[in-house]
K.L.:
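Here it is, the structure in full.
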Amino acid sequence: IAQNTLNFINEQLFEVEDSLSYIEGTLSDFRSTQGVNLTTEGASLLGQLRELEVRRNEERARIRYYNYLLDYLSEDNDYSSIVSPAGADVTNPTLTGLVSQLAEIYARKMRMAGVTEKNPAFIRLNTEIEYTKERIQETVKNLIEASRVLVDDLSYRISLLDAEVR
């Protein structure tokens with residue numbers, strides 16, 4: 001779990017660094033065209049722009065986590081090592097509960113290692129795993145859609161502020 005979480009966080013840091021470079025470039029462009037001294041209004045606009053960029057990048061990171069989760073669930077993985085939503089700064093309690101539930105059910109299944117696949121308890125656990133995976137996938141698809149709407153809104157607001165700064 002720790003290695004998966006670390007890999008995911010490293011990918012997110014790269015994205016945030018890229019966004020900060022963009023904001024610094026915008027600030028540099030603004031300073032070169034408007035002079036080095038920022039007015040209070042200009043500084044306020046750049047602060048708002050920076051805040052919106054950060055929020056957009058956070059939401060994009062969530063979308064990447066959601067896509068990771070969908071990909072992970074589409075394969076026959078060890079669900080006990082899944083990156084938790086909290087590790088990706090996702091605070092949706094429904095998703096967090098479902099991912100925890102999946103890991104717990106899978107751990108119960110692994111404790112039944114010597115049992116045949118025809119054992120009713122083993123079959124029941126497999127059914128629970130599939131049902132929980134389906135619920136996670138449905139939840140994630142809804143979260144992706146909501147996040148995309150938010151990213152589009154933030155992008156629009158960023159473009160308005162960017163035009164105002166320039």
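Computed over heavy atoms, backbone and side chain alike; hydrogens, waters and symmetry mates excluded.
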K.L.:
Minimum heavy-atom separation for Glu117 and Ile123, please, with both atom names.
P.N.:
O-CG1, 3.3 Å
K.L.:
Side chains of Gln137 and Val140: does their closest heavy-atom pair fall under 4.5 Å?
P.N.:
no
K.L.:
Flag the pair Leu70 / Ile144 as yes when at least one side-chain heavy-atom distance between them is below 4.5 Å, and no otherwise.
P.N.:
yes
K.L.:
Indicate if Tyr68 and Val99 have the same hydrophobic cluster label, given that clusters are the connected sets of ILVMFWY residues with side-chain heavy-atom separations under 4.5 angstrom.
P.N.:
yes
K.L.:
Examine the side chains of Ser81 and Tyr72 and answer whether a donor and an acceptor come within less than 3.5 Å of each other.
P.N.:
yes
K.L.:
What's the verdict on salt bridge (charged side-chain N to carboxylate O under 4.0 Å, His left out) for Glu59 and Arg62, showing C-alpha distance, side-chain angles and the deciding distance?
P.N.:
CA-CA 5 Å; Glu59 207 57 41; Arg62 286 183 189 100; 2.9 Å; yes
K.L.:
Within a strict 4.5 Å, meaning less than it, do heavy atoms of the Phe122 and Thr116 side chains meet?
P.N.:
no
K.L.:
Between Glu128 and Arg108, does the salt bridge (charged side-chain N to carboxylate O under 4.0 Å, His left out) criterion hold? Intermediate values first, please.
P.N.:
CA-CA 11 Å; Glu128 284 183 55; Arg108 284 194 334 231; 3.2 Å; yes
K.L.:
Test Asp153 against Arg157 for salt bridge (charged side-chain N to carboxylate O under 4.0 Å, His left out), laying out the working first.
P.N.:
CA-CA 6 Å; Asp153 178 62; Arg157 292 168 55 193; 3.4 Å; yes
K.L.:
Using distance alone, with no hydrogens and no angle criterion, decide if Tyr79 and Lys133 have a side-chain donor and acceptor under 3.5 Å apart.
P.N.:
yes
K.L.:
Donor-acceptor pair, distance only, cut-off 3.5 Å: does the side chain of Ser100 make one with the backbone of Gly97?
P.N.:
no
K.L.:
Mind checking the CG-OG spacing from Leu95 to Ser84? Nearest 0.5 Å is all I need.
P.N.:
9.5 Å
K.L.:
What's the separation between atom OG in Ser80 and atom CD in Glu104, rounded to the nearest 0.5 Å?
P.N.:
11.5 Å
K.L.:
Any link between Val151 and Val149 through a network of hydrophobic side chains (Ile, Leu, Val, Met, Phe, Trp, Tyr) touching at under 4.5 Å?
P.N.:
no
K.L.:
Under the side chain to side chain contact (heavy atoms under 4.5 Å, CB included) rule, what do Ile82 and Leu69 come out as? Steps first, then yes or no, please.
P.N.:
CA-CA 8 Å; Ile82 195 167; Leu69 200 51; 3.3 Å; yes
K.L.:
Could you tell me the separation between the CZ atom of Arg124 and the CD1 atom of Ile129, rounded to the nearest 0.5 Å?
P.N.:
12.5 Å
K.L.:
If you measure from OH on Tyr131 to CG on Leu98, what distance do you get to the nearest 0.5 Å?
P.N.:
9.0 Å
K.L.:
Passes salt bridge (charged side-chain N to carboxylate O under 4.0 Å, His left out), Glu53 versus Arg56? Steps please.
P.N.:
CA-CA 5 Å; Glu53 279 284 341; Arg56 181 174 68 176; 2.8 Å; yes
K.L.:
Applying the 4.5 Å side-chain criterion to the ILVMFWY set and letting contacts propagate, would Ile158 and Leu150 be lumped into a single cluster?
P.N.:
yes
K.L.:
Check whether the side chains of Ser44 and Gln48 place a donor and an acceptor atom closer than 3.5 Å, and report yes or no.
P.N.:
yes
K.L.:
Is there side-chain contact between Leu125 and Ile105, with heavy atoms separated by less than 4.5 Å?
P.N.:
yes
K.L.:
Can you tell me how far the CG atom of Leu154 sits from the CZ atom of Arg60, to the nearest 0.5 Å?
P.N.:
9.0 Å
K.L.:
Apply the test side chain to side chain contact (heavy atoms under 4.5 Å, CB included) to residues Leu73 and Leu102: give CA-CA distance (whole Å), side-chain angles for both, the deciding distance (0.1 Å), then the verdict.
P.N.:
CA-CA 10 Å; Leu73 293 174; Leu102 178 63; 3.6 Å; yes
K.L.:
For Pro93, does its backbone N or O pair with a side-chain atom of Thr96 as donor and acceptor, under 3.5 Å?
P.N.:
no
K.L.:
Any chance you could measure Glu138, atom CD, to Thr94, atom OG1, to the nearest 0.5 Å?
P.N.:
11.0 Å
K.L.:
How close do Tyr106 and Asp78 get, heavy atom to heavy atom, and via which atoms?
P.N.:
CE2-OD1, 3.0 Å
K.L.:
Give me the atom names and distance for the closest heavy-atom approach of Tyr65 to Pro85.
P.N.:
OH-N, 3.2 Å
